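Owing to the predicted nature of the structure, the values given are computational and were not obtained by experimental measurement. In the text below, chain A, chain B and the rest are named by the order of the sequence lines, each starting its count at 1.
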Amino acid sequence: MSLQIYNSLTRKKERFNPITKGHVGLYVCGPTVSGESHLGHARPYVTFDVVYRYLTHLKYKVRYVRNITDAGHFEEEGREAEDKISTKATIEKLEPMELVQKYTNLYHWAMLQLNNIEPSIEPTATGHIVEQINMIEKIIADGYAYAINGSVYFDVEKYNTDFSKKGLPYGILSGRVLEDMLETTRELDNQEEKRNKADFALWKNAPPEHIMRWKSPWGEGFPGWHIECSAMSSKYLGDEFDIHGGGMDLQFPHHECEIAQSAVCNHKSPARYWMHNNMITINGRKMGKSYNNVIKLSELFSGNHPLLAQAYHPMVIRFFILQTHYRSTLDFGNEALQASEKGLKRLFDAYENLQKLEPVNEKSEDAELEKNVLQLLNELDEFMNDDFSTAKVLANIFELVPTINALKNKQLPANVLSNGVITLMQQKLKLFITNILGLKNINDTNNKANDVIQILINLRKEAKAKKDFVTSDKIRNDLAAIGIQLKDEKDGSISYSL
RNA sequence: GGUCCUGUGGCCGAGUGGCUAGGCAGAGCUCUGCAAAAGCUUCUACAGCGGUUCGAAUCCGCUCGGGACCUCCA
């Protein structure tokens with residue numbers, strides 16, 4: 001089976017065919033750097049990191065573009081028209097760009113912790129004001145936007161009328177019908193500028209107190225939210241590219257508006273495949289600023305939050321996210337994260353045991369086991385091809401764990417698996433666990449403390465040899481008290497885990 | 001109100017109509033000086049009520065619950 005991707009646009013899984021053979025253009029909506037990233041933000045970036053890694057594994061040359069929204073948008077359209085970033089900057093007595101830089105740095109730090117590969121291009125909205133203005137001018141020239149009082153709005157109704165005929169009605173992505181929306185859209189203040197409630201801003205006039213402002217043909221102002229992604233994705237990936245990703249909450253209106261803008265400018269829908277990750281919830285509710293239930297990533301990593309029973313390693317977060325399919329909601333909970341932590345440790349214990357196994361048999365003495373192992377390994381590719389089913393990949397790998405550990409502990413005779421299968425297992429697990437899923441072992445084994453532990457282990461060995469169990473138990477118990485666990489192996493050696 | 005999603009065992013979660021998902025926790029056994037780890041075995045499920053079917057967690061209907069979007073939002 002070749003790669004199948006669930007396309008939000010068609011609401012079904014489709015076989016992935018790139019526009020240009022061997023190449024993939026991938027655009028993912030990045031963060032608004034007006035605040036610190038939280039657990040919810042980790043999801044799309046981990047999800048699409050795996051998409052990127054897997055496409056690369058499939059030998060595609062991928063251009064991965066993930067933007068940074070550093071030009072703020074109005075908090076709520078029409079209401080006070082205040083820029084998120086400039087508002088906070090005043091409160092914190094910082095320059096807007098200073099604030100942007102601070103949160104961008106924090107975001108990059110978090111991405112690094114999560115072991116996300118950096119995108120090929122990370123364009124900023126402020127760095128592409130000219131491109132955005134050009135695009136807006138084009139939309140106006142074509143008659144699908146109008147300027148009023150220094151702002152520019154997209155004429156949704158006109159667009160819908162004309163482009164429905166071309167198969168691109170407004171609402172095509174989110175499954176909405178414009179007429180319904182016009183009836184149900186809430187009344188917001190200061191909407192009299194707009195011809196229609198559904199119209200959205202391409203450019204906003206900046207009131208005097210607004211710090212971030214740029215000159216434009218319509219006066220000083222700042223770009224609307226949706227236009228940056230259209231301008232930057234088409235600049236770096238072309239008028240039509242392969243995959244556009246982001247959180248489900250961006251499907252409407254953000255991505256819907258992107259389609260409309262691009263359809264006018266480039267006469268086609270910007271992306272072939274739209275991928276949307278689901279939300280991380282907390283007590284069943286979406287984690288988000290408006291719900292006041294966010295746990296920042298830095299808090300998660302440090303354990304410094306009332307809802308956290310302990311600190312969680314970034315790899316635990318990554319593993320936690322990958323244990324679920326990206327289109328399902330994922331509920332946060334200490335119990336769940338603790339389970340992930342233990343699972344991840346067990347996974348890497350087995351992984352290291354496997355890499356140390358020395359294949360010795362030409363032939364397997366247990367045909368059935370060998371067959372099972374082969375099947376579990378082969379399914380890994382199928383599962384990834386099936387819309388990136390990382391949860392199933394991990395489940396299969398866990399099914400291999402007992403066999404690996406039993407071989408290592410000699411609970412299974414060494415001849416049950418052939419050389420070929422053991423080698424294949426070593427290669428495939430390395431590929432899937434570290435390269436594709438991007439997981440890393442959280443037991444760090446490279447520092448002085450480990451040398452000290454080794455000294456204690458040797459003392460314990462000597463005590464045991466003399467049957468001085470009082471001393472040997474004391475060493476073991478005292479180490480256990482600070483979280484270092486000693487294990488007496490079958491062969492008389494002693495290993496440990498942190 | 002409109003559109004859509006969802007309800008799986010103590011917790012988190014896979015599930016394409018028929019076969020043990022998996023992780024964590026629990027129980028028993030083996031191994032061990034004793035442990036831990038590991039291995040083996042094992043208990044808890046498919047919100048409720050109907051229907052389709054030889055057979056449904058999986059399809060359909062209804063009821064009840066939860067959620068998302070419609071407004072900044074990953």
Side-chain angles (χ1 to χ4, degrees), chain A residues 11 13 28-32 34-35 37-48 72-79 84 171 174-177 180-181 183-186 188 198 225 245-254 276-281 283-291 294 319-320 323-325 327-344 346-347 349-350 353 383 386 389-399 401-412 464 467 469 472-473 476-477 480 485-490 495-497:
Chain A
R11 286 169 205 96
K13 280 186 204 168
V28 174
C29 288
T32 301
S34 61
S37 302
H38 59 72
L39 175 58
H41 295 117
R43 190 147 197 209
Y45 308 131
V46 168
T47 298
F48 291 105
H73 312 110
F74 20 91
E75 207 66 63
E76 195 163 278
E77 193 167 322
R79 187 208 283 178
K84 239 198 253 182
S174 53
R176 283 153 213 270
V177 179
D180 295 346
M181 288 166 52
E183 285 169 20
T184 57
T185 303
R186 261 186 271 165
L188 296 169
W225 177 34
M248 252 177 200
D249 50 354
L250 297 183
Q251 197 169 352
F252 189 90
H254 185 53
H276 292 100
N277 63 275
N278 215 318
M279 303 290 104
I280 288 184
T281 58
N283 296 321
R285 169 152 266 150
K286 173 186 172 184
M287 188 177 284
K289 253 181 257 177
S290 19
Y291 294 119
V294 303
F319 179 79
F320 176 64
Q323 264 188 308
T324 312
H325 190 264
R327 280 188 287 109
S328 301
T329 54
L330 172 58
D331 203 41
F332 161 86
N334 280 293
E335 250 186 294
L337 279 170
Q338 283 159 355
S340 288
E341 182 181 88
K342 289 188 181 174
L344 181 63
R346 183 168 142 84
L347 179 71
D349 278 348
N353 289 340
F383 292 158
D386 185 11
S389 297
T390 56
K392 287 189 184 175
V393 167
L394 284 169
N396 264 31
I397 292 174
F398 271 106
E399 286 203 58
V401 166
T403 304
I404 293 167
N405 287 337
L407 278 171
K408 185 247 177 186
N409 294 329
K410 312 268 194 287
Q411 286 153 321
L412 272 176
K464 275 186 69 179
K467 298 227 188 282
F469 296 124
S472 70
D473 285 357
R476 186 175 66 194
N477 294 340
Q485 202 157 70
L486 297 188
K487 298 173 213 170
D488 295 347
E489 303 287 349
K490 271 272 172 64
S495 66
Y496 67 93
S497 61

For B:G26 versus B:U44, give the span between their C1' atoms, rounded off to a whole number of Å. 9 Å
Reckon A:Gln251 touches a base, only the sugar-phosphate, or nothing at all at heavy-atom distances under 4.0 Å? nothing
Does A:Asn283 CG have over 12 foreign heavy atoms under 6.0 Å away? no
As an exercise, state the distance from CG of A:Leu344 to CG of A:Leu337, rounded to the nearest 0.5 Å. 11.5 Å
Nearest-angstrom distance from the residue atom CZ of A:Arg176 to P of B:A68: 14 Å
Return the nucleotide paired to B:G7: Watson-Crick means purine N1 to pyrimidine N3 with N6-O4 or O6-N4, wobble means G-U with N1-O2 and O6-N3, both under 3.5 Å. B:C64
Hunt down the Watson-Crick or G-U wobble partner of B:U42, both distances under 3.5 Å, from any strand shown, or write none. B:G26
Could you work out, with side chain to side chain contact (heavy atoms under 4.5 Å, CB included) as the rule, every residue matching A:Val294, not counting sequence neighbours? A:His38, A:Met287
Taking all non-hydrogen atoms of both residues into account, name the closest pair between A:Gly284 and A:Asp331 and its distance. N-OD1, 3.1 Å
Name all residues meeting the side chain to side chain contact (heavy atoms under 4.5 Å, CB included) criterion together with A:Lys13; count only those two or more places apart in sequence or in a different chain, and write none if there are none. A:Tyr6, A:Arg327, A:Asp386, A:Asp387
What does A:Gln485 touch in the nucleic acid at a heavy-atom separation under 4.0 angstrom: a base, only the sugar-phosphate, or nothing? sugar-phosphate
Check every strand shown and say whether A:Ile397 touches a base, only sugar-phosphate, or nothing at a heavy-atom separation below 4.0 Å. nothing
Can you see which heavy atom on A:Phe332 is nearest to which on A:Leu39, and at what distance? CD1-CD2, 3.8 Å
Taking a pair as Watson-Crick or G-U wobble with both distances under 3.5 Å, which nucleotide is matched to B:A35? none
How is A:Gly288 classified with respect to the nucleic acid when contacts are heavy atoms under 4.0 Å: base, sugar-phosphate, or nothing? nothing
Sub-4.5 Å side-chain heavy-atom contact between A:Thr47 and A:Val28: no
Atom-to-atom span, CG of A:Asp249 to P of B:A74 - whole angstrom: 7 Å
Sugar-phosphate only, base, or nothing, as touched by A:Lys286 at under 4.0 Å among non-hydrogen atoms: base
I'd like a table of atom pairs between the protein and nucleotides 31-34 of chain B - only N or O on both sides, under 3.5 Å - with the distance next to each one.
residue : atom : partner  : partner atom : Å
B:G33   : N1   : A:Asp473 : OD1          : 2.9
B:G33   : N2   : A:Asp473 : OD2          : 2.8
B:C34   : O2   : A:Arg476 : NH2          : 2.6
B:C34   : N3   : A:Arg476 : NH1          : 2.8
B:C34   : N3   : A:Arg476 : NH2          : 3.0
B:C34   : N4   : A:Arg476 : NH1          : 3.3
B:C34   : N4   : A:Asp488 : OD2          : 3.1

Does some side-chain heavy atom of A:Asn278 sit less than 4.5 Å from a side-chain heavy atom of A:His325? no
Per-nucleotide protein contact string for nucleotides 5-19 of chain B (B base, S sugar-phosphate only, - none; heavy atom under 4.0 Å): ------SSSSS----
Taking the P atom in each of B:C24 and B:G67, what is the distance between them to the nearest angstrom? 30 Å
For A:Thr324 and A:Thr390, which heavy atoms make the closest approach, and how far apart are they? O-OG1, 3.7 Å
If the P atom of B:G10 is compared with that of B:G48, how far apart are they to the nearest Å? 13 Å
For B:U52 and B:G17, measure between their C1' atoms and round to the nearest Å. 12 Å
Using the P atom on both, measure B:C4 against B:C43 and round to a whole Å. 42 Å
Starting at the 5' end of RNA chain B, which residue's closest nucleotide do you reach first, A:Pro31 or A:Phe252? A:Phe252
If you measure from CE on A:Met279 to NE2 on A:His276, what distance do you get to the nearest 0.5 Å? 9.0 Å
Taking any strand in view, what nucleotide pairs with B:C69 in a Watson-Crick or G-U wobble way, both distances under 3.5 Å? B:G2
Whole-Å P distance, B:A47 and B:A37: 34 Å
To the nearest Å, give me how far apart NE2 (A:His276) and P (B:A68) are. 17 Å
Just by protein heavy atoms under 4.0 Å, how would nucleotides 38-47 of chain B read 5' to 3' in B, S and -? BSS-------
Quick check for you: among B:C24, B:A74, B:A68, whose closest atom lies nearest to any side-chain atom of A:Leu250? B:A74
If I pick the P atom on B:U8 and the same atom on B:G15, what distance separates them, to the nearest angstrom? 14 Å
Categorize A:Met248 for me: base, sugar-phosphate, or nothing, with a 4.0 angstrom heavy-atom threshold over every strand shown. nothing
Work out how far the C1' atom of B:C12 is from that of B:A25, and round it to whole angstrom. 11 Å
For A:Glu489, which residues count as a side chain to side chain contact (heavy atoms under 4.5 Å, CB included) partner, sequence neighbours excluded? A:Lys408, A:Asn409, A:Lys487, A:Asp491, A:Ser493, A:Ser495
Verify the contact: side-chain N or O of A:Tyr291 to OP1 or OP2 of B:U71, cut-off strictly under 4.0 Å; return yes or no. no
Contact summary for A:Ser174 and A:Gln251, nearest pair of heavy atoms: CA-NE2, 4.0 Å
For A:Leu250 and A:Cys29, work out which heavy atoms get closest and say how close. CD1-CB, 3.6 Å
